[in-house]
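Input: a single structure, listed below in structure tokens.
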Number of protein chains: 2
Amino acid sequence: MGVMNSKIRISDVAALAGVSTATVSRTLANPDKVGKAMREKVQEAVRVTGYQINAAARDLRQRRARSILILAPNLSNTFFSSIFAAVQEEASAADLTVQISDSNIGREKIATLGQDGRADGIILLDGGLDPEIVNGWRLPVVQLCEWNDAYDAPSVCIDNTAAVELAVDHLVQLGHRDLLHIEGPKDNILAITRRDGFLSATNASGVKASIMAGDFTIQSGAKVAHLWAALDQRPTGVICASDECALGFISEVMRLGFDVPEQVSVVGFDDIEFADRFNPSLTTIHQPRGEIGRQGAQCLIAMLTNKDVAVVPPKEVHAHLVTRVSTSRAL
Amino acid sequence: MGVMNSKIRISDVAALAGVSTATVSRTLANPDKVGKAMREKVQEAVRVTGYQINAAARDLRQRRARSILILAPNLSNTFFSSIFAAVQEEASAADLTVQISDSNIGREKIATLGQDGRADGIILLDGGLDPEIVNGWRLPVVQLCEWNDAYDAPSVCIDNTAAVELAVDHLVQLGHRDLLHIEGPKDNILAITRRDGFLSATNASGVKASIMAGDFTIQSGAKVAHLWAALDQRPTGVICASDECALGFISEVMRLGFDVPEQVSVVGFDDIEFADRFNPSLTTIHQPRGEIGRQGAQCLIAMLTNKDVAVVPPKEVHAHLVTRVSTSRAL
DNA sequence: ATTCCTCAAGTAATCGATTACATCATCCGC
DNA sequence: GCGGATGATGTAATCGATTACTTGAGGAAT
């Protein structure tokens, strides 16, 4: 197990093993650069002392942090959890630690995060930051899910336009001729892309289309439920910009006495874990969050390792429609 | 805005301002220890150069990391998200960065995490780690939600026994006389405490009680639904060890053609965000996750600041029952 | 036997900040 | 006008690793 004395330095290990600190350092980093006898003496000394490298000292000398930072617009959004998990898994395999931060902690702090040398690279889940800040970081950045063309960084996303088209086609094939889209925040690139996709797909299909404002949250879905209920001509198919919004809409609409999917078919977006277990279970666009996280992390790690992979193309991962109970044939 | 030249060191700033590095350092850390004229010269130089402190160098010299680490048994568990958010918020306010890691990355790595000086303290959400490792970290640790008496660390939790008692009393008052508990993982302290609480509360009330195995997940709830349905004498009240489990149970039981709460009342545990929006909405024990995170972070920060707050007592936060639609009077 | 090369190991510079200590000017009271 | 306190600033040691460079031993080739 090793005695755990307070502060063991590399020089203590070296002294115990009767070698120089250089040899200890080499033994730890490149065991094959050291003779067998020495190596074993050092390894024994490390075991006995319970020596642990001091990360700050190593980071300072090597000018790297062995750490990546995840920036997300809202840590409590459950949509992100499995992305975090996937990123962490990849990072851990590459011996990198993971930091997380909410991206709404203020310009000053955000700018600092990318410049104080605590992170080697950044996974960015927020397309709404000032490009000047993002490009001011002198670090490799990879965007996930959201993207912003003004950022000088590759992205891993699904094709949101095509995805929303799948949803529209699905409803149209079920016979729906009047569709409603509950959109996301007005300034969010995902929300905009999905809305535009909705408009062009409905236009192409020649069905009636309308839009109501939302912000991805459960609450916004519930609020729109009342607006929908108050309409004279209620759209029979609703496509939401997020699953949470869809669940909010459905639950509220049912509380108002309507039946889903009898009276209104609802499609979500993301396929969060509960979509499948909701009642009625939710037809939605499946976004492979684990894969997005994994690919993003791998991409970032590649950029860290291989400095010259500077120009990484945007990567597109596949999304598909999952048909469940919340949508049915129009009456 | 400041020109962002590659690597500005403190000596560059000092040179530009015509002062020593000591003065620059003091200006940044203790502006009031420096004369007004100097201070302004230095601040101007900092602005012009866009200087950012090198964290590794400072950490090395000060022997601290300005960072805390959150360890959770499963990052993709949505239960943790709002705890992360709360911890991050407190940490950010105290100028600390936040690292996260899954606690299942292997003994070796976990032990290292607490010893390489990258974190000043640890927020632990997993009571299942080897006490030798936890106590081997030479860092302040605070346990959240789960706790392990073998750890030499304070904890912030709800009173799980009392909480489960609330659930039992609720069902008993509604006239239920045969209760089932779907427990959590056999070796989990929360699961054990809740199960024992269930047994003693049902015993005290003199109602029939039985237990089925689960593991907190949606899937386990769904699986138990089949076992329940196959019984001759079906318990009319079910208390689950987690909300996810409860939602899994309810959705599956409904798919099997039963009605909730008509034929079976179900109580969850945690009050995750979707509990309120599920259909039927879920009666559950509300666990104030944001507050747990906040209190835990504050406690840890206090331990970091005030070295002699070594003996912090376990803190208990209040949990209560939220009555919704998934429970009703027994027939 | 001499030269040259290879390889293991040690010496000491280095990363970039903080801060103990030294220095010097100023100002106080007596 | 002088000893001493006070406070601003500079000098240089320090944190604990990595690594460029140096040294010296051993082996191969001639």
Side-chain angles (χ1 to χ4, degrees), chain A residues 5-43 45-46 49-67 95 97 112 115-120 138, chain B residues 5-43 45-46 49-67 95 97 112 115-120 138:
Chain A
N5 251 321
S6 248
K7 311 271 180 171
I8 310 289
R9 298 186 310 286
I10 198 171
S11 57
D12 300 325
V13 178
L16 178 62
V19 303
S20 72
T21 61
T23 300
V24 177
S25 179
R26 286 190 199 108
T27 305
L28 264 29
N30 303 79
D32 45 319
K33 293 260 174 210
V34 174
K36 184 157 180 258
M38 289 274 137
R39 193 194 317 146
E40 285 171 357
K41 261 197 300 185
V42 171
Q43 284 165 344
V46 167
T49 53
Y51 171 69
Q52 289 284 147
I53 270 179
N54 178 310
R58 181 224 260 149
D59 292 352
L60 171 59
R61 179 61 224 244
Q62 296 190 329
R63 291 143 165 271
R64 52 189 297 225
R66 289 160 194 269
S67 183
D95 256 314
T97 61
T112 301
Q115 301 201 305
D116 62 3
R118 301 172 95 103
D120 296 322
R138 294 299 181 100
Chain B
N5 251 323
S6 248
K7 309 271 180 172
I8 310 290
R9 297 187 310 287
I10 197 171
S11 56
D12 300 325
V13 177
L16 178 60
V19 303
S20 72
T21 62
T23 300
V24 176
S25 179
R26 286 191 199 107
T27 305
L28 262 32
N30 303 81
D32 43 320
K33 293 261 175 208
V34 173
K36 184 157 179 261
M38 289 273 137
R39 194 194 316 147
E40 284 170 0
K41 262 198 299 184
V42 171
Q43 284 165 344
V46 167
T49 53
Y51 171 68
Q52 289 284 145
I53 268 179
N54 177 311
R58 180 223 261 150
D59 291 353
L60 173 58
R61 178 62 223 244
Q62 297 191 326
R63 292 145 166 271
R64 52 190 299 226
R66 288 159 195 269
S67 182
D95 255 312
T97 61
T112 301
Q115 301 202 304
D116 63 3
R118 300 173 95 101
D120 296 322
R138 292 301 181 100

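Predicted model, so just to flag it, every value in this text is computed and none were measured. Heavy atoms only: backbone and side chains are in, while hydrogens, waters and symmetry mates are out. Just so we're on the same page: letters track the sequence lines, and every chain starts at 1.
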Atom-pair distance ([atom1] on [X]; [atom2] on [N]), nearest Å:
X     : N      : atom1 : atom2 : answer
A:D59 : C:dA17 : CG    : P     : 14 Å
B:N30 : D:dG7  : CG    : C1'   : 14 Å
A:D32 : C:dA8  : CG    : C1'   : 13 Å

Minimum heavy-atom distance [X]-[Y], with the two atoms named:
X     : Y      : value
B:I53 : B:R58  : CD1-NH2, 3.6 Å
B:P31 : B:L28  : CD-O, 4.5 Å
A:S67 : B:R118 : CB-NH2, 4.0 Å
A:T49 : A:V13  : OG1-CG2, 3.7 Å
A:A65 : A:A119 : CB-N, 3.9 Å

Just verifying a value: how many Å separate [X] [atom1] and [Y] [atom2], rounded to the nearest 0.5 Å?
X     : Y      : atom1 : atom2 : answer
B:Q52 : B:I10  : CD    : CD1   : 12.5 Å
A:Q62 : A:D120 : CD    : CG    : 10.0 Å
B:Q43 : B:T27  : CD    : OG1   : 7.0 Å

Using a cutoff of under 3.5 Å, can you pull out all pairs of nitrogen or oxygen atoms linking the protein to nucleotides 9-16 of chain D, with atom names and distances?
{"residue": "D:dT9", "atom": "OP2", "partner": "B:G35", "partner atom": "N", "Å": "2.7"}
{"residue": "D:dG10", "atom": "OP2", "partner": "B:S20", "partner atom": "N", "Å": "3.1"}
{"residue": "D:dG10", "atom": "OP2", "partner": "B:S20", "partner atom": "OG", "Å": "3.1"}
{"residue": "D:dG10", "atom": "OP2", "partner": "B:T23", "partner atom": "OG1", "Å": "2.5"}
{"residue": "D:dG10", "atom": "O6", "partner": "B:R26", "partner atom": "NH2", "Å": "2.6"}
{"residue": "D:dT14", "atom": "O2", "partner": "B:R61", "partner atom": "NH1", "Å": "2.9"}
{"residue": "D:dC15", "atom": "O3'", "partner": "B:R63", "partner atom": "NH2", "Å": "3.2"}
{"residue": "D:dG16", "atom": "OP1", "partner": "B:R63", "partner atom": "NH2", "Å": "2.8"}
{"residue": "D:dG16", "atom": "OP2", "partner": "B:R63", "partner atom": "NH2", "Å": "3.4"}
{"residue": "D:dG16", "atom": "N2", "partner": "A:A57", "partner atom": "O", "Å": "3.3"}

Taking five pairs at each end, how big is the angle between the two axes of the helix from C:dA1-D:dT30 to C:dC30-D:dG1, to 10°?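 Overall, the helix from C:dA1-D:dT30 to C:dC30-D:dG1 bends by 40° from one end axis to the other.
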